[in-house]
Amino acid sequence: MHTQETPPRRPRLSPCRLLGTRLALVAALLLPGAGLAAEPGIVIATASPAGVYHATGRTLCRLLDVPCEARPSGGSAANLEAVRNGEVTAALAQSDLQYQAVTGTEGFAAVGPDPELRAVFSLHGEPFTLVARRDSGIGGFADLKGHAVNVGNPGSGQRGTMMTLLEAWGWTLDDFRPAHALPADQQSLALCHGNIDAMVYTVGHPNPSIQQAVRLCDAKLVDVTGPGVDRLVAETPYLAHATIPAGLYTADQPAVTTFGVRATLVASEQTPPDAIYAIVAAVFDDLDAFKSRHPAYSDLSPARMMSEGLSAPLHEGARRYYRQRGWLTAEPPVPPEPATPPAPADPTL
């Protein structure tokens with residue numbers, strides 16, 4: 001997909017056009033057979049209330065003038081299942097799990113590819129973040145072996161990324177003593193109470209759960225580097241090396257080197273185009289206002305949001321908006337085929 005690097009800024013929609021868009025959206029939501037008949041208005045699946053996903057879902061709902069719910073969930077894998085089943089209008093998901101859902105690999109091998117999954121846009125970067133107790137002796141990812149580590153609840157993006165990293169590292173969950181499956185909103189207190197030595201979180205920064213761990217029990221952020229990480233990033237198109245800026249949580253916190261994914265908004269091909277168009281317009285008609293809602297959005301731009309981390313084809317509602325803005329000058333590529341035959345599904349995911 002070719003996009004303009006600096007698309008021209010356009011004023012907000014006129015009152016008449018805004019009214020037309022909203023009326024079309026309401027009509028779309030009332031159509032029978034749209035897969036959303038049991039839902040009141042727009043439903044956006046998010047993740048734990050402690051994370052940026054839920055804050056993003058709430059922000060999107062505030063921008064829309066129709067009934068809208070930002071629904072907490074188990075995370076990216078659970079959200080992609082909800083999209084496949086027609087349970088929500090749209091959902092947030094990590095770029096790595098979006099790719100796996102499109103190609104039917106990793107944790108989606110049992111259900112197979114989702115041919116109706118559609119991308120809307122990408123959002124903030126999500127560094128894979130390792131937080132450890134200072135008295136744990138953990139100074140890097142390699143030190144986790146034999147420690148009590150929270151890897152995330154089944155269905156969460158953090159667990160999916162952790163399982164991918166463990167495979168690249170040559171480890172399994174049995175290398176931890178033990179591996180915990182707590183949701184994101186419980187792990188910082190478990191760390192402070194000494195129930196776990198470390199926790200992982202694939203999330204935008206700053207994050208209140210990590211801030212809580214740092215503030216309450218003097219936890220530290222730890223580098224995630226090494227041959228396993230280098231190999232994983234080199235072989236995986238939706239991953240990249242990342243840095244968590246210094247001083248984000250405490251004045252003396254050093255910059256942290258790790259890797260990460262991007263948050264993405266996805267929907268089903270069956271979701272009415274007018275509904276997705278309205279969501280996209282609400283964000284891009286005043287992107288500066290949207291970016292002001294959270295520090296994690298600071299590096300967003302239309303060119304990046306239309307391309308980075310998107311493995312599924314663009315939804316027709318999103319494509320319509322991007323064409324109107326003159327940003328989309330070529331059709332998006334066909335979803336990639338898996339590089340290797342799908343591995344058996346991991347029963348712990």
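Numbers for residues simply follow the sequence, beginning at 1.
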- When rounded to the nearest 0.5 angstrom, what distance separates OG in Ser136 from CG in Asp143? 8.0 Å
- Quick one: CG on Leu182 to CD on Gln187, what's the gap to the nearest 0.5 Å? 7.5 Å
- Carefully, step by step, assess Arg134 and Asp218 under the rule salt bridge (charged side-chain N to carboxylate O under 4.0 Å, His left out). CA-CA 7 Å; Arg134 288 188 184 273; Asp218 196 30; 3.1 Å; yes
- Query: Would the number of heavy atoms belonging to other residues, nucleotides or ligands and lying under 6.0 Å from CZ of Arg84 be above 12?
  - Reply: yes
- Note on the structure: From the list Asp174, Asp197, Asp175, salt bridge (charged side-chain N to carboxylate O under 4.0 Å, His left out) with Lys145 holds only for Asp175
- Please tell me if the side chains of Tyr99 and Gln94 come closer than 4.5 Å, counting only heavy atoms from C-beta onward. no
- Donor + acceptor pair across side chains of Tyr249, Asn207 (<3.5 Å): no
- Task: Compute the centroid of each ring, for Tyr322 and then for Phe284, and state whether the two points are separated by less than 6.0 Å.
- Result: yes
- Please tell me if the side chains of Val229 and Trp169 come closer than 4.5 Å, counting only heavy atoms from C-beta onward. yes
- Residues forming a salt bridge (charged side-chain N to carboxylate O under 4.0 Å, His left out) with Glu81, sequence neighbours excluded: none
- Any side-chain heavy-atom pair of Leu173 and Val151 under 4.5 Å: yes
- Task: For Asn150 and His180, test the side chains for any donor-to-acceptor distance below 3.5 angstrom and give the result as yes or no.
- Result: no
- Side chains of Asp252 and Thr250: do they bring a donor and an acceptor to under 3.5 Å? yes
- Query: Just wondering, do Asp114 and Leu80 contact through their side chains at under 4.5 Å, heavy atoms?
  - Reply: no
- Task: Using the disulfide bond (SG atoms under 2.5 Å apart) rule, collect all pairs that involve residues 133-245, keeping only residues at least two apart or in two chains.
- Result: Cys192-Cys217
- Query: Got Ile210 and Leu221 here, is their nearest side-chain heavy-atom distance under 4.5 Å?
  - Reply: yes
- Query: Is there side-chain contact between Phe141 and Val222, with heavy atoms separated by less than 4.5 Å?
  - Reply: no
- Item | Straight-line distance of His124 NE2 to Leu92 CG, nearest 0.5 Å | 7.5 Å
- Item | CD1-CD1 distance between Ile44 and Ile42, expressed to the nearest 0.5 angstrom | 6.0 Å
- Message: For a salt bridge (charged side-chain N to carboxylate O under 4.0 Å, His left out) check, start with the C-alpha distance between Asp96 and Arg262, then their side-chain angles and the critical distance, and finish with the verdict.
- Response: CA-CA 8 Å; Asp96 53 344; Arg262 294 199 78 82; over 6 Å; no
- Message: Are Leu130 and Leu189 linked, directly or through intermediate hydrophobic residues, by side-chain heavy-atom contacts shorter than 4.5 Å (ILVMFWY only)?
- Response: no
- Message: Please list all pairs meeting disulfide bond (SG atoms under 2.5 Å apart) that have one or both residues in residues 88-183, counting only residues at least two apart or in different chains.
- Response: none
- Task: Ignoring hydrogens and angles, tell me if any N or O in the side chain of Thr257 forms a donor-acceptor pair with the backbone of Thr243 under 3.5 Å.
- Result: no
- Report yes if some heavy atom in the side chain of Thr202 is under 4.5 Å from a heavy atom in the side chain of Pro127; otherwise report no. no
- Separation of Ser76 OG from Gln98 CD (nearest 0.5 Å): 10.0 Å
- Is the closest side-chain donor-acceptor distance between Glu126 and Tyr53 under 3.5 Å? yes
- Item | Atom pair OG1/CD1 of Thr89 and Ile276 - distance to nearest 0.5 Å | 7.0 Å
- Query: Looking only at side chains, do His205 and Thr129 share a donor and an acceptor under 3.5 Å apart?
  - Reply: yes
- Any luck finding a side-chain donor-acceptor pair between Tyr277 and Gln324 under 3.5 Å? yes
- Message: Quick one about Tyr321 and Arg325 (side-chain donor to acceptor, distance below 3.5 Å, no hydrogens or angles considered), yes or no?
- Response: yes
- Query: Is there a side-chain contact between Leu191 and Arg133 (heavy atoms, below 4.5 Å)?
  - Reply: yes
